[in-house]
Visitor: 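Provided herewith is a single structure, encoded as structure tokens, for subsequent inquiry.
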Amino acid sequence: MTNTEKVMITTEFIKLDSFLKYAGLTDTGGQAKELVLDGQVKVNGEVCTMRGKKIRPGDVVEVQGAIFEAVQE
């Protein structure tokens with residue numbers, strides 16, 4: 001099992017494409033958008049193709065085998 005990396009967010013939520021960029025998974029918002037639209041991103045275990053999905057503390061985002069959990073500061 002892969003380790004879950006915690007990503008601090010300081011707001012109530014962050015949009016999925018912004019989260020991917022913020023977590024360092026992509027260099028640009030465009031790359032994040034492609035990953036999401038290609039169905040390569042899971043949110044809480046389910047494939048998510050909505051790049052504007054609100055990621056809140058406790059949500060788990062999985063991309064290409066990497067697992068990230070949004071946590072409140």
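Bear in mind that the values here come from a model prediction, so they are computed numbers and not experimental data.
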Visitor: Test question: given the 4.5 Å side-chain rule for I, L, V, M, F, W and Y, name all other residues clustered with Met50, or answer none.
Guide: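 None; Met50 is a cluster of one.
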Visitor: Do you know the tightest heavy-atom contact between Val47 and Gly39?
Guide: CG1-O, 3.7 Å
Visitor: Output every pair passing salt bridge (charged side-chain N to carboxylate O under 4.0 Å, His left out) with a member in residues 40-53, not counting sequence neighbours, ordered by first then second residue.
Guide: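 Qualifying pairs, neighbours excluded: Asp17-Arg51.
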Visitor: Can you find a pair of side-chain heavy atoms, one from Ile55 and one from Phe13, that are under 4.5 Å apart?
Guide: no
Visitor: Would you mind listing every side-chain hydrogen bond (donor to acceptor under 3.5 Å, both in side chains) that reaches into residues 18-37, with sequence neighbours excluded?
Guide: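 Listed by first then second residue: nothing to list.
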Visitor: If I take atom CG from residue Leu20 and atom CG from residue Leu25, how far apart are they, to the nearest 0.5 angstrom?
Guide: 5.5 Å
Visitor: For residues 62-73, which side-chain donor-acceptor pairs fall under 3.5 Å, sequence neighbours excluded?
Guide:
| residue | atom | partner | partner atom | Å |
| --- | --- | --- | --- | --- |
| Gln64 | NE2 | Gln40 | OE1 | 3.3 |
| Glu69 | OE1 | Lys6 | NZ | 2.9 |

Visitor: Kindly give the heavy-atom pair with the smallest separation between Pro57 and Ile9, and that separation in Å.
Guide: CD-CD1, 3.8 Å
Visitor: Only counting residues at least two apart or in another chain, list the ones meeting salt bridge (charged side-chain N to carboxylate O under 4.0 Å, His left out) with Glu12.
Guide: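 Listed in chain order: Arg56.
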